[in-house]
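Reviewing the structure listed below.
Keep in mind that the numbers below use all heavy atoms, side chains included, and drop hydrogens, waters and symmetry copies. Quantities reported herein were computed from a predicted structural model and do not represent experimental measurements.
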Amino acid sequence: MAVVARTSRTTAGSAFSSAVRSFFSYRIFVSALFTLLFFATASVLFKYHPAHSSVNHEIQTTGRAYMHRTFLALKPDPLKTRLELIHKQANDYIMLVNAYASYARKLKLEVSKQLKMFDDMAQNFSDLNVKPTYRTALFESDVPVDEEVLRQFEKEVKDKIKVARIMIAENKEAYDNQLKIQKLKDTIFAVNELLVKAKKNGAFASLIAAKSTPKSLHCLAMRLMGERIANPEEYRDEKPKPEFEDPSLYHYAIISDNVIAVNVVVNSTVMNAQEPWKHVFHIVTHKMNLAAMKVWFKMRPVVRGAFVEVKAVEEFTFLNSSYVPVLGQLESEKLQKFYLDNNADNETNDDENIKSSGDTQQLSMLNHLMFYLPEMYPKLHRIVFLDDDVVVQKDLTALWKVDLDGKVNGAVEICFGSFHRYAHYLNFSHSLIKDKFNPKACACAFGMNIFDLDAWRRERLTDQYHYWQDLNEDQSMWKSGRQSPGLITFYSTTKSLDKRWHVLGLGYNPSISMDEIKNAAVIHFNGNMKPWLDIAMNQFKHLWTYYLNSTTEIVQNCNFGL
């Protein structure tokens with residue numbers, strides 16, 4: 001039994017060993033077979049060189065072509081790389097030129113020269129790529145790239161790129177929106193600078209025309225003075241008439257050195273008055289204009305029985321620098337320098353400085369005389385104050401019957417929206433102004449006012465005026481003039497009148513309706529375009545000249561241009 005068992009184990013072991021040897025022999029055979037197959041394939045690949053299948057150089061991804069290119073990649077051709085770079089650059093410029101051509105089409109420039117140039121250039125680039133010489137030698141051949149052909153191809157591409165760059169540079173401004181926007185901004189800025197400068201020059205020229213004495217007015221004053229000198233007996237001063245102090249009559253105050261303007265104010269008032277013999281006009285002027293003013297009203301007496309008193313401001317002896325603060329300020333060298341220095345050439349001046357520069361009327365006491373009416377006419381109870389640039393169109397006697405509710409000043413308010421409120425005239429950054437006044441308070445007009453002189457004296461408003469003028473010596477609260485101190489003096493003491501009593505703006509606003517003007521009792525040519533000047537607005541000028549007898553010889557000889 002033991003022998004049999006051992007024999008069986010020996011037989012099994014021999015069979016297993018034989019199987020192992022057979023397995024390894026088979027693997028060696030298979031490995032050798034695959035090795036031979038590999039070398040056979042490699043030899044075939046190195047023997048054959050297939051050509052490109054398309055002009056666009058599409059890479060074949062199957063079969064021996066893929067293997068062939070894989071092995072070629074191991075040995076890159078530097079001329080091929082150079083060719084690819086040149087080809088890519090040409091394609092980039094084709095896309096750029098086509099983009100400009102597309103934009104030209106959107107701008108509807110199909111027939112324009114630029115569009116044709118861009119289309120032709122794009123076509124030239126495309127034609128160069130498919131040119132038979134280059135296509136065969138550079139793109140469809142498997143042989144190494146001919147350097148001479150490549151050099152010629154590169155030269156032609158660079159020449160066309162150069163032409164394309166020139167075309168794009170010449171037409172870039174027409175197609176580059178950012179460049180166009182920047183150029184437009186620069187143009188707008190330059191035009192705006194010219195506009196600002198022109199406005200300043202125009203404002204200053206208008207100021208000179210408005211504030212300077214016109215040649216015609218100077219001529220009229222000289223001729224009236226000549227008349228006085230030639231006929232002294234005819235123009236002797238007359239004694240004051242009792243009507244000048246009669247409080248039962250209708251009294252007007254006109255403060256001016258313009259003879260012809262005062263004449264229109266007086267004539268228009270008298271011609272529209274129902275009882276002209278009850279109207280008294282108190283005219284105050286400078287001493288140097290006094291004779292001319294008296295001669296005019298002596299030569300041309302006011303019709304219909306009205307009374308005219310002409311006086312010089314120097315005759316009111318209480319108006320001296322010890323009593324009137326503004327006189328002391330007007331005599332100061334600093335303030336005179338501020339108004340007399342002409343800085344129009346300085347482009348940094350703002351509008352307010354332009355308005356103030358050269359305005360010598362601010363240095364005149366006539367500009368501030370309105371604040372002393374109660375002392376100038378101590379026996380009167382009420383008086384109507386009229387500027388010399390107004391025209392009266394209706395009877396004004398009803399003003400003396402207006403109930404002012406104990407207020408001092410009856411005036412038309414001129415504010416609308418945020419315009420012409422106290423903040424527009426006063427410096428509210430100053431602590432005293434900020435504490436005492438409301439910046440949103442409505443401003444009132446001066447030029448046609450009814451003053452209750454008794455209430456004025458009771459409220460001691462002239463003292464209030466002096467108080468604020470002393471505080472404003474350095475002009476830190478407001479610039480010199482009449483409007484701002486007038487608003488301060490009559491703050492909370494002004495009764496608002498119906499707007500039909502007083503229509504303003506005929507000296508600067510051409511859009512005032514004629515219906516509004518016709519319904520107004522008084523129209524005011526405030527602004528620089530005064531009706532006696534050449535710069536007056538023609539659509540309103542006839543309203544003023546209607547009350548001036550322009551046929552008078554002395555007016556015609558002075559060439560007023562009316």
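- With no hydrogens or angles considered, no side-chain donor-acceptor pair links Asn258 and Ser256 at under 3.5 Å.
- Using a 4.5 Å heavy-atom threshold, the side chains of His524 and His502 count as touching.
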Checklist entry - So Leu386 and Thr269, side-chain contact (heavy atoms from CB on, under 4.5 Å) or not? Walk me through it. => result CA-CA 10 Å; Leu386 295 175; Thr269 305; 4.2 Å; yes
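- To the nearest 0.5 Å, the span separating CD on Glu459 from NZ on Lys407 amounts to 9.0 Å.
- Once rounded to the nearest 0.5 Å, the distance linking CD of Gln539 with CE of Met514 reads 9.0 Å.
- Checked against the 6.0 Å centroid criterion, the rings of Trp478 and Tyr422 do not qualify as a close aromatic pair.
- Atom CZ of residue Arg223 and atom CG of residue Leu220 lie 9.0 Å apart, to the nearest 0.5 angstrom.
- Under the side chain to side chain contact (heavy atoms under 4.5 Å, CB included) criterion, Glu245 pairs with Lys379, sequence neighbours left out.
- A donor-acceptor pair under 3.5 Å is absent between the side-chain atoms of Thr489 and the main chain of Gly486, judged by distance alone.
- Residues in residues 395-415 take part in these ring pair (Phe, Tyr, Trp, His ring centres under 6.0 Å) pairs, two or more places apart or across chains: Tyr250-Trp400, Tyr252-Trp400.
- With hydrogens and angles ignored, the 3.5 Å screen pairs a side-chain donor or acceptor of Gln393 with a backbone N or O of Ala520.
- Looking at every heavy atom in both residues, Lys311 comes nearest to Glu315 through CE-OE1, 3.4 Å.
- A donor-acceptor pair under 3.5 Å is absent between the side-chain atoms of Asp387 and the main chain of Asp389, judged by distance alone.
- Put simply, the side chain of Ile523 does not reach to within 4.5 Å of the side chain of Ile512, judged on heavy atoms.
- A donor-acceptor pair under 3.5 Å is formed between the side chain of Gln483 and the backbone N or O of Cys444.
- Residue Arg457 places its CZ atom among more than 12 non-hydrogen atoms of other residues, nucleotides or ligands, all under 6.0 Å distant.
- Contact record, Pro325 with Gln469: CB-CB, 4.2 Å, taken as the closest heavy-atom pair.
- In plain terms, the two heavy atoms of Asp395 and Ala273 that are nearest each other are OD1-CA, 3.7 Å.
- Note on ring orientation: taking the six-membered ring where Trp is involved, the planes of Trp468 and Phe437 are tilted (angle from 30° to 60°).
- In this structure, Arg304 places its CZ atom where more than 12 heavy-atom neighbours from other residues, nucleotides or ligands lie under 6.0 Å away.
- Side-chain contact check for Leu399 versus Met448: some heavy-atom pair is nearer than 4.5 Å.
- Between the Lys495 side chain and the Asp403 main chain, a donor and an acceptor come within less than 3.5 Å of each other.
- Relative orientation of the Phe281 and His279 rings is parallel, given thresholds of 30° and 60° on the angle between their planes.
- Formation of a donor-acceptor pair under 3.5 Å by the Asn526 side chain with backbone atoms of Gly505 is found in this model.
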Checklist entry - Given Ile517 and Leu506, is the side-chain contact (heavy atoms from CB on, under 4.5 Å) satisfied, shown in steps? => result CA-CA 9 Å; Ile517 291 174; Leu506 278 73; 4.2 Å; yes
Checklist entry - When you look at Asp452 and Trp456, which way does the side-chain contact (heavy atoms from CB on, under 4.5 Å) test go after all the steps? => result CA-CA 6 Å; Asp452 186 333; Trp456 190 324; over 6 Å; no
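- For Tyr377 and His251, the ring centers are positioned 6.0 Å apart or more.
- Closest approach of Ala312 to Leu290, counting heavy atoms only: N-CD1, 3.8 Å.
- A donor-acceptor pair is defined here as one N or O able to donate and one able to accept, closer than 3.5 Å; no such pair exists between the side chain of Lys479 and the backbone of Ser484.
- Distance check, rounded to the nearest 0.5 Å: OG of Ser492 to CG of Asn409 gives 11.5 Å.
- Taking CE from Met293 and CE from Met288, the interatomic distance works out to 11.5 Å, rounded to the nearest 0.5 Å.
- No side-chain heavy atom of Val391 sits less than 4.5 Å from a side-chain heavy atom of Tyr546.
- Closest approach of Ile255 and Leu369 over heavy atoms only: CD1-CB, 3.6 Å.
- With sequence neighbours left out, the side chain to side chain contact (heavy atoms under 4.5 Å, CB included) criterion links Tyr323 to Phe318, Asn320, Tyr372, Glu375, Thr462, His466.
- Under a 3.5 Å cut-off, the side chain of Asn449 and the backbone N or O of Ala445 do form a donor-acceptor pair.
- Residues Phe371 and Val324 form no side-chain contact, since every pair of their non-hydrogen atoms from C-beta on lies 4.5 Å or further apart.
- Summarising the geometry of Trp296 relative to Leu224, their closest heavy-atom pair is CB-CD1, 4.0 Å, with the distance given to 0.1 Å.
- The closest side-chain heavy-atom distance from His282 to Leu380 is below 4.5 Å.
- Considering only heavy atoms from C-beta on, Pro214 comes within 4.5 Å of Leu533 through its side chain.
- A cation-pi arrangement is absent between Lys294 and Tyr235 under the rule of less than 6.0 angstrom and at most 45 degrees off the ring axis.
- Between Trp544 and Lys530 the shortest side-chain heavy-atom distance does not fall below 4.5 Å.
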Item to check | Evaluation steps, side-chain contact (heavy atoms from CB on, under 4.5 Å), between Met365 and Leu319 | outcome: CA-CA 9 Å; Met365 186 58 201; Leu319 296 174; 4.2 Å; yes
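- Rounded to the nearest 0.5 angstrom, Gln475 CD and Asn472 CG are separated by 6.5 Å.
- Side-chain N or O atoms of Asn267 include one that pairs as donor or acceptor with a backbone N or O of Tyr547 at under 3.5 Å.
- A salt bridge does not link Lys518 with Asp515: every distance from a Lys NZ or Arg NE/NH1/NH2 to an Asp or Glu carboxylate oxygen is 4.0 Å or more.
- The closest donor-acceptor contact from the side chain of Ser268 to the backbone of Val392 lies under 3.5 Å.
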